[in-house]
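This report refers to the structure that appears directly beneath it.
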Amino acid sequence: QVPLVESGGGLVQAGGSLSLSCASSDRSFSDYTVAWFRQPPGKEREFVAVITWGTDRSSYADSVKGRFTISRDNNKNTLYLQMNSLKPEDTAVYFCAVESRRFGSISSAPRGAENFGSWGQGTQVTVSS
């Protein structure tokens with residue numbers, strides 16, 4: 001288990017921006033593929049974005065492509081999600097997650113929640129119309 005602490009959620013108007021952070025105290029953080037998921041109210045958890053270890057290859061859900069940017073700073077053991085042009089349908093609890101396998105695949109970025117073994121506590125993002 002890799003300890004994770006998210007921050008940066010809040011309330012924003014539609015069209016606005018928010019930046020989420022996910023910090024880890026584990027110095028092997030750079031050896032893992034990491035991702036963001038979200039759970040809208042009354043719905044199941046869904047994939048948002050992922051970034052691989054090593055090559056920093058990123059992949060996004062179609063619903064956020066072009067609006068959200070995932071990045072990582074391995075020197076700070078921190079994952080980020082920059083969210084622009086927010087929509088009310090982006091309202092959800094956002095979770096960061098670390099892939100279960102250290103030094104996992106870097107040729108394809110996993111999207112299924114079952115691939116991720118460590119999760120943050122979640123941070124609420126609310127977008128008002």
Side-chain angles (χ1 to χ4, degrees):
Q1 291 272 330
V2 176
L4 302 166
V5 178
E6 296 124 336
S7 60
L11 174 64
V12 65
Q13 288 190 330
S17 298
L18 276 177
S19 181
L20 305 183
S21 299
C22 173
S24 175
S25 58
D26 193 324
R27 287 183 291 178
S28 65
F29 179 80
S30 62
D31 302 335
Y32 291 91
T33 288
V34 287
W36 288 99
F37 288 78
R38 67 186 182 187
Q39 187 164 14
K43 296 184 179 181
E44 294 188 351
R45 191 171 300 188
E46 62 186 30
F47 167 79
V48 175
V50 62
I51 186 166
T52 61
W53 75 278
T55 59
D56 286 354
R57 177 177 176 175
S58 60
S59 178
Y60 297 89
D62 288 344
S63 59
V64 307
K65 197 174 297 182
R67 299 188 298 122
F68 290 12
T69 301
I70 188 172
S71 62
R72 66 192 300 167
D73 185 338
N74 291 327
N75 292 324
K76 296 181 179 179
N77 295 331
T78 301
L79 174 69
Y80 302 99
L81 185 68
Q82 177 64 40
M83 304 184 293
N84 299 328
S85 302
L86 282 161
K87 305 175 181 180
E89 51 264 44
D90 294 319
T91 294
V93 179
Y94 284 71
F95 299 88
C96 61
V98 176
E99 189 181 13
S100 298
R101 286 193 304 156
R102 188 178 178 187
F103 301 122
S105 172
I106 58 174
S107 60
S108 62
R111 294 187 170 207
E114 67 277 7
N115 296 296
F116 296 85
S118 299
W119 295 81
Q121 80 287 356
T123 186
Q124 177 69 47
V125 171
T126 302
V127 185
S128 63
S129 57

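FYI, the numbering just counts along the sequence from 1.
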Heavy-atom closest pair (Thr33 atom, Thr52 atom, distance to 0.1 Å) is OG1-CA, 3.3 Å
Please list all pairs passing the salt bridge (Lys or Arg N to Asp or Glu O under 4.0 Å) test where one or both residues lie in residues 8-37, with sequence neighbours left out. Asp31-Arg102
Give me each pair satisfying salt bridge (Lys or Arg N to Asp or Glu O under 4.0 Å) with a member in residues 69-82, each pair once, sequence neighbours excluded. none
Contact between [X] and [Y] at the side-chain level, heavy atoms closer than 4.5 Å - yes or no?
X	Y	answer
Val64	Arg38	yes
Leu86	Phe68	yes
Met83	Val125	yes
Glu46	Pro40	yes

Test: ring pair (Phe, Tyr, Trp, His ring centres under 6.0 Å). Region: residues 87-115. Which pairs qualify, not counting sequence neighbours? Trp53-Phe103
According to the ring pair (Phe, Tyr, Trp, His ring centres under 6.0 Å) rule, which pairs have a member within residues 104-129, sequence neighbours left out?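 Residue pairs with at least one partner in residues 104-129: Phe37-Phe116, Phe37-Trp119.
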Can you tell me if Gln121 has over 12 outside heavy atoms packed within less than 6.0 Å of its CD? yes
Rounded at 0.5 Å granularity, tell me how far [atom1] in [X] sits from [atom2] in [Y].
X	Y	atom1	atom2	value
Ser30	Asn77	OG	CG	7.0 Å
Leu81	Thr123	CG	OG1	11.0 Å
Glu6	Leu79	CD	CG	9.0 Å
Trp36	Phe47	CH2	CZ	13.0 Å

Any donor-acceptor pair under 3.5 Å from Ser24 side chain to Pro3 backbone: yes
Would you say Thr91's side chain and Val127's backbone share a donor-acceptor pair under 3.5 angstrom? yes
Who pairs with Ser71 by side chain to side chain contact (heavy atoms under 4.5 Å, CB included), at least two apart in sequence or on another chain? Tyr80
Quick one: list whatever passes side chain to side chain contact (heavy atoms under 4.5 Å, CB included) with Ser128, sequence neighbours left out. Leu11, Gln13
Given the rule that I, L, V, M, F, W and Y join up when any side-chain heavy atoms are under 4.5 Å apart, are Ile70 and Val34 in one cluster?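 Yes, same cluster.
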Please step through salt bridge (charged side-chain N to carboxylate O under 4.0 Å, His left out) for the pair Asp90 and Lys87, ending with a clear verdict. CA-CA 5 Å; Asp90 294 319; Lys87 305 175 181 180; over 6 Å; no
